[in-house]
There are 4 protein chains.
Amino acid sequence: MQSRSPAASRPGRPRSAAADTAILAATRAALVELGWSKLTLGDVATRAGVAKTTLYRRWSGKNELVVDAVAELFDELELPDRGSLAADIEGVVLQFAAILARPEARSGLMAVVAESTRDDALRERIRESIVERQKGLVLAGRARAQSRGELPPETDPAEAARTADLIFDVVAGAVVHRALVSAEPVDAEWAQGFTQLLLGGLAASAST
Amino acid sequence: MQSRSPAASRPGRPRSAAADTAILAATRAALVELGWSKLTLGDVATRAGVAKTTLYRRWSGKNELVVDAVAELFDELELPDRGSLAADIEGVVLQFAAILARPEARSGLMAVVAESTRDDALRERIRESIVERQKGLVLAGRARAQSRGELPPETDPAEAARTADLIFDVVAGAVVHRALVSAEPVDAEWAQGFTQLLLGGLAASAST
Amino acid sequence: MQSRSPAASRPGRPRSAAADTAILAATRAALVELGWSKLTLGDVATRAGVAKTTLYRRWSGKNELVVDAVAELFDELELPDRGSLAADIEGVVLQFAAILARPEARSGLMAVVAESTRDDALRERIRESIVERQKGLVLAGRARAQSRGELPPETDPAEAARTADLIFDVVAGAVVHRALVSAEPVDAEWAQGFTQLLLGGLAASAST
Amino acid sequence: MQSRSPAASRPGRPRSAAADTAILAATRAALVELGWSKLTLGDVATRAGVAKTTLYRRWSGKNELVVDAVAELFDELELPDRGSLAADIEGVVLQFAAILARPEARSGLMAVVAESTRDDALRERIRESIVERQKGLVLAGRARAQSRGELPPETDPAEAARTADLIFDVVAGAVVHRALVSAEPVDAEWAQGFTQLLLGGLAASAST
DNA sequence: CGATAATCGAGACGGTACGTCGAGTCTTCAC
DNA sequence: GTGAAGACTCGACGTACCGTCTCGATTATCG
């Protein structure tokens, strides 16, 4: 969502706050029913009870709108303390999978990622509103595991960042691939097997 | 590409084989220049020197066409014998990354995956022409490692299949995520770190 | 229909005579069902059980085909001897009206006339195969009336031709206009009133 | 042209009045250059500097558009007082012929008449916007002749209507047939001969 | 309190691409 | 060489959305 200058209080009629909410909700509803490619902004506007003009005043196009609509779904991601690193990872994997099981996320997320391969601004927008939140969980999880003594503290910051990136790509990539490409369920059993593989790999890598 | 009834020689003028080739090549060229969302079938037809009707006679829409066009890119995937399991994995990862580095693959692949979340026939088509080929490499790699003695032979077939699926999702997912979402290079260094993680995890998992 | 050179007996398989008949009949059937603008040559070929190639070998296009198909309808026009000039005229008017009442004539005739306003070859073709036959009836009718003594013999040939043309335009024009534009029935009553007007006018003009 | 509900000022952007004018003018220009059958709505839109959708919002198809475009040509028909019934008739005949001499009228008029043989709504539209205007001239001409004393006043209204219809079909039919089918000029000489025939016939009929 | 100004719903606007259909041609094989 | 069959190029069709615009009607702040 684009913030307007300092905002403060400008002259003229202020923008309806309800409109934003209604538009994003309508976008998700349309994604569920129609999917990304058949979603039209005119239809979203109608569903939201809003004129097309109003929608275009706030978002510059379909991609931006869908990123914002999908990003809100990821707000629920958090890192509950389940007592052990393995349990924490499994929990996050299942949370992530639960979001990907929702049709508005499945269709919307991959589509904007596809678009982002040719639009750097869009990629940055996705990174900010979706990817960074996930990455934060990886960092938080590691910190918590270190405080528990499950993982040794970092020595080389660069190496630490590289490892976090790797873990992040592996976790997010594997879950997305399982859910969307292989189209197999990401259930507790799979999460356990995956976590075992990941932690085993981390331990082995760390000892090198 | 749809195979027509076996019908050796049916009546009427046969379809031009050259047209198929030209259309797929034109599709890839258009993907490079325009990306998936701005690619139009009319433009593809023009580039291929073919009428729009000819294109529609062979493919039912943009998605089907792009799947076939992108699938051909994956024909070059193979499993060269590099002497060790680690080297084999690194090789495949780099091959896969090389394909994903091509703009026609980046834009096209994710877009059809996104579409496939709402179209089972499309998903099946993607699975047949793209995914299965990759999965075959996982199986072949494991078999070769076993023949080298790097991995123990399978005991439980179901467990073996489950593991292969997991490895496949991890490898393909991680590479795709690194390349397209994180937008970081998949180079030899990354491949090495990833392979280390994966093999470590496999060893740890196997010993359980 | 285009005649091929001297014909005689050329090499190769001779053209099927049945095809011509079938095609023209199919054309009229299609005119009845679809009208001129929705008639397609592919459909005509299918109805006639003939390949499009065969059709195009004989006619150069829709206009030419329809002219020939409609022209056959006018073959039934003749000048029965009803005993008096007035009765003869009424008879011809009703015969002409009967043809115009058939949907294949209504739709086809006016359409080719419209096309002929921009295509001299087509206009000539219409004149030859349709209009001249009608004009002949005017001339024959006058000759018979003169032989009966109802009309005086011609003195000035140029004047005679001019009068015949005028009568022809008035008769054909009025009947067509009544039937197709005004869309009112051309019945015995109307024919009688029209004939009265025409003969009265002729008598008055002759005495000038 | 379709009138929209009386709705003084409906919400939303009002339709551009200039667009209607431009479209009809472009239609006539295209008729002159291309004729009815080669006229395309896309081309008309381009000539008018208007989008195809704008055109389709106002007219439902080629026929309706051409009727309106041609109808405007007949706006210039009027009944100038030339002092006598014969002169009035000759004047109208020549005016009518002048319109039919214009290529946009020749090609367009007959084509829509042909189409109207299978489309009652179209026929009604033609009647309203073209034919009735001509018929009015017949009625006005008769009234004027009666006020001059050239024709006796009506006694039987039904008979009067029947006669007016007959005259109308004869005049319009003969002129159209002469101009478009016979493709001979409708000049002063022909108009005089035709008028003589018509008035003579009327006189003879009236005395019965 | 009235002027000013940005907002709102509504819907017409110029465009672009769609997917289909028909025209007329060409290519194959059977007769 | 004619025949049916059907693929071919081409171009128009009528529709759907895009993103912009022009309306009249609100709804706020500021003078």
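Note that the coordinates shown come from a computational prediction; the quantities given were computed from them, not determined experimentally. All chains are named by letter (A, B, ...) in the order of the sequence lines, taking the proteins before the strands, and each is independently numbered beginning at 1. All values below come from the heavy atoms of this structure, side chains included, with hydrogens, waters and symmetry mates left out.
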Original post:
Where each residue is assigned the nucleotide of DNA chain E containing its nearest heavy atom, which of B/Lys62 and A/Pro11 is assigned the position nearer the 5′ end?
Top reply: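 This one resolves to A/Pro11.
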Original post:
Toward the 5' end of DNA chain E, which comes first, D/Ala17 or B/Leu41, by nearest nucleotide?
Top reply: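 The residue mapped nearer the 5' terminus is D/Ala17.
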Original post:
Counting only N and O atoms by type, is there a donor-acceptor contact under 3.5 Å from the side chain of B/Arg118 to the main-chain atoms of A/Val32?
Top reply: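 Such a contact is found between B/Arg118 side chain and A/Val32 backbone.
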Subject >> Side chain B/Thr54, main chain B/Val50, donor-acceptor under 3.5 Å >> reply: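 No, B/Thr54 side chain to B/Val50 backbone: no donor-acceptor pair under 3.5 Å.
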**OP:** Check whether any side-chain heavy atom of A/Glu64 sits under 4.5 Å from a side-chain heavy atom of A/Leu122, and report yes or no.
**Re:**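 Yes, close enough: below the 4.5 Å cut-off.
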Original post:
Checking only heavy atoms, does the side chain of A/Thr40 share a donor-acceptor pair with the base of F/dA16 at less than 3.5 Å?
Top reply: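 No pair found.
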Original post:
Can you find a donor-acceptor pair, distance only, under 3.5 Å between D/Arg13 side chain and E/dC13 base?
Top reply: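 Looking at the base of E/dC13, it does not pair with any donor or acceptor on the side chain of D/Arg13 (distance under 3.5 Å).
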Have a look at [X] and say if it touches a base, only the backbone sugar-phosphate, or nothing, with a 4.0 Å heavy-atom cut-off.
X       : value
D/Thr54 : sugar-phosphate
A/Gly61 : nothing
A/Ser16 : sugar-phosphate
D/Lys52 : base

Original post:
Between atom CZ in D/Arg57 and atom C1' in E/dG14, what is the gap in whole Å?
Top reply: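 Atom-to-atom, D/Arg57 to E/dG14, this comes out as 10 Å.
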Subject >> Which atom of B/Leu39 lies closest to which atom of B/Lys62, heavy atoms considered >> reply: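 Nearest heavy atoms, B/Leu39 then B/Lys62: O-NZ, 2.9 Å.
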